[in-house]
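In listed order, ligands and their atoms are each counted from 1.
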Amino acid sequence: MPHIISPSLLTADFTNLSQEIDMLNRSQAQWIHLDVMDGVFVPNISFGFPVIESVRKLTDKILDAHLMIVEPDRYIERFASAGVNVLTVQAEACIHLNRTIHRIKESRMKTGVALNPHTPLVMVEEVLDIADMILIMSVNPGFGGQTFISGSLDRISRLKKMIDDRQLSTLIQVDGGVALNNAKELLNAGCDVLVAGNAIFGNENPEQVISELYEL
Ligand code: DX5
Ligand code: ZN
């Protein structure tokens with residue numbers, strides 16, 4: 001399977017949201033990454049249902065929502081109704097992660113589980129076979145434009161080995177500080193989905209950056 005590019009809308013120009021989505025529609029990005037922050041799980045607040053529903057009307061691409069919120073179970077059905085296709089929860093926010101994953105599946109979405117940079121990989125060991133994707137956070141979540149934490153590369157390699165050893169097809173997504181200068185290494189380590197915000201929307205030719213990330 002070719003790798004997937006999931007541009008993070010967090011760094012987009014929200015005064016021109018429809019033009020930004022038009023650009024993504026023209027681009028080779030297969031997914032659009034939507035960062036939902038509640039000001040509790042992370043020290044920042046981003047956007048919620050009205051924005052996601054608006055984005056859904058403007059694109060047929062896969063909507064990949066990354067919930068940095070406490071008690072995500074309360075909103076699973078709402079995200080499904082808003083048109084989200086892949087719903088990722090933070091493992092640290094889920095006391096009953098197995099149940100949360102099953103609820104997301106019952107809501108007809110693909111399931112992702114995210115791990116903060118300090119969270120041991122064993123936190124997802126028992127759900128590797130039921131999750132569709134594991135998201136390795138390569139910055140402390142909350143903000144775009146941060147520096148990639150270098151130890152994340154080794155975490156991705158070790159996670160890839162855990163998945164391969166069990167002959168699973170769980171995808172690996174990486175999020176935070178991903179750019180053209182480290183993307184190839186991340187793919188070589190086993191990443192399937194690259195999330196990038198600042199590297200794409202901070203560039204004067206975002207469509208070109210997406211294409212270069214896609215062609216790697
Ligand atoms: C950070 C978010 C990321 C962020 C990535 O908490 O989860 O998706 O938008 O942005 P960059 O690529 O700029 O690090
Ligand atoms: Zn994210």
- Item | N, O or S atom within Asp175 nearest to the Zn ion (ligand 2), by name | OD2
- Task: Report, as yes or no, whether the 6.0 Å neighbourhood of atom CZ on Arg78 holds more than 12 heavy atoms from other residues, nucleotides or ligands.
- Result: no
- Do Gly145 and ligand 1 have an N or O pair less than 3.5 Å apart? yes
- Message: Can you name the atoms of ligand 1, numbered from 1 with element, that are less than 4.0 Å from a heavy atom of Met68?
- Response: 6 (O), 7 (O)
- Note on the structure: Taking only non-hydrogen atoms of Gly177 and a 4.0 Å limit, the atoms of ligand 1 in range are 11 (P), 12 (O), 14 (O)
- Message: Around atom NZ of Lys105, are there more than 12 heavy atoms from other residues, nucleotides or ligands closer than 6.0 Å?
- Response: yes
- Item | Reported CG-to-CG distance for the pair Leu153 and Asn182, which is rounded to 0.5 angstrom | 8.5 Å
- Query: What do you reckon, does Gly144 have a nitrogen or oxygen under 3.5 Å from a nitrogen or oxygen of ligand 1?
  - Reply: no
- Specify which N/O/S atom of Asp35 comes nearest to the Zn ion (ligand 2), by atom name. OD1
- Going by the atom numbers of ligand 1, which of them fall below 4.0 Å from some non-hydrogen atom of His33? 8 (O)
- Tyr75 OH: over 12 foreign heavy atoms closer than 6.0 Å: no
- Query: Would you say Ala196 contacts ligand 1, with heavy atoms under 4.0 Å as the rule?
  - Reply: yes
- Message: So for atom CG, which belongs to Asp60, do other residues, nucleotides or ligands contribute more than 12 heavy atoms lying within a distance under 6.0 Å?
- Response: no
- Task: With the Zn ion (ligand 2) as the reference point, give the N/O/S atom of His66 that is nearest.
- Result: ND1
- ligand 1 N/O within reach of Gly197 N/O, cut-off under 3.5 Å: yes
- Would you sort out whether Leu34 and Asp64 count as a side-chain contact (heavy atoms from CB on, under 4.5 Å), showing the intermediate values? CA-CA 6 Å; Leu34 303 168; Asp64 162 36; over 6 Å; no
- Task: In sequence, state the C-alpha distance, the side-chain angles, and the governing distance for Asp35 and Val195, and then conclude on side-chain contact (heavy atoms from CB on, under 4.5 Å).
- Result: CA-CA 11 Å; Asp35 288 299; Val195 175; 5.6 Å; no
- Check each atom of ligand 1 against the heavy atoms of Pro141 and keep those under 4.0 Å away; list them by number with element. 6 (O)
- Message: Taking 4.0 angstrom as the limit and counting only heavy atoms of Phe143, give me the atoms of ligand 1 inside it, by number and element.
- Response: 1 (C), 6 (O)
- Query: Going by heavy atoms in the side chains, are Leu97 and Val89 under 4.5 Å from each other?
  - Reply: yes
- Protein heavy atom at shortest distance from atom 9 (O) of ligand 1: Ser8 OG, 2.8 Å
- Please could you name the atoms of ligand 1 that Leu10 approaches to less than 4.0 Å, counting only its heavy atoms? 9 (O)
- Which atoms of ligand 1 sit under 4.0 Å from any heavy atom of His66? 7 (O)
- Task: Can you spot which of Gln173, His66, Met133 makes a side chain to side chain contact (heavy atoms under 4.5 Å, CB included) with Val86?
- Result: Met133
- Could you tell me which atoms of ligand 1, counted from 1 in the order shown, lie closer than 4.0 angstrom to a heavy atom of Gly176? 14 (O)
- Scan Asp175, Ile104, Leu135 and name whichever one has a side chain to side chain contact (heavy atoms under 4.5 Å, CB included) with Thr88. Leu135
- Message: Students should be able to answer this: which protein heavy-atom is nearest to atom 3 (C) of ligand 1, and at what distance?
- Response: Asp175 OD1, 2.9 Å
- Ignoring angles and geometry beyond distance, decide whether Gly142 reaches within less than 3.5 Å of ligand 1 through its nitrogen or oxygen atoms. yes
- Query: Are any of the side-chain nitrogens in Arg26 or Asp22 under 4.0 Å away from the carboxylate oxygens of its partner?
  - Reply: no
- Query: More than 12 non-hydrogen atoms from neighbouring residues, nucleotides or ligands closer than 6.0 Å to CD on Glu215, yes or no?
  - Reply: yes
- Message: Please report whether ligand 1 has a polar contact with Asn198, defined as an N or O pair separated by less than 3.5 Å (distance criterion only).
- Response: yes
- Do ligand 1 and Asp35 have nitrogen or oxygen atoms that lie under 3.5 Å from each other? yes
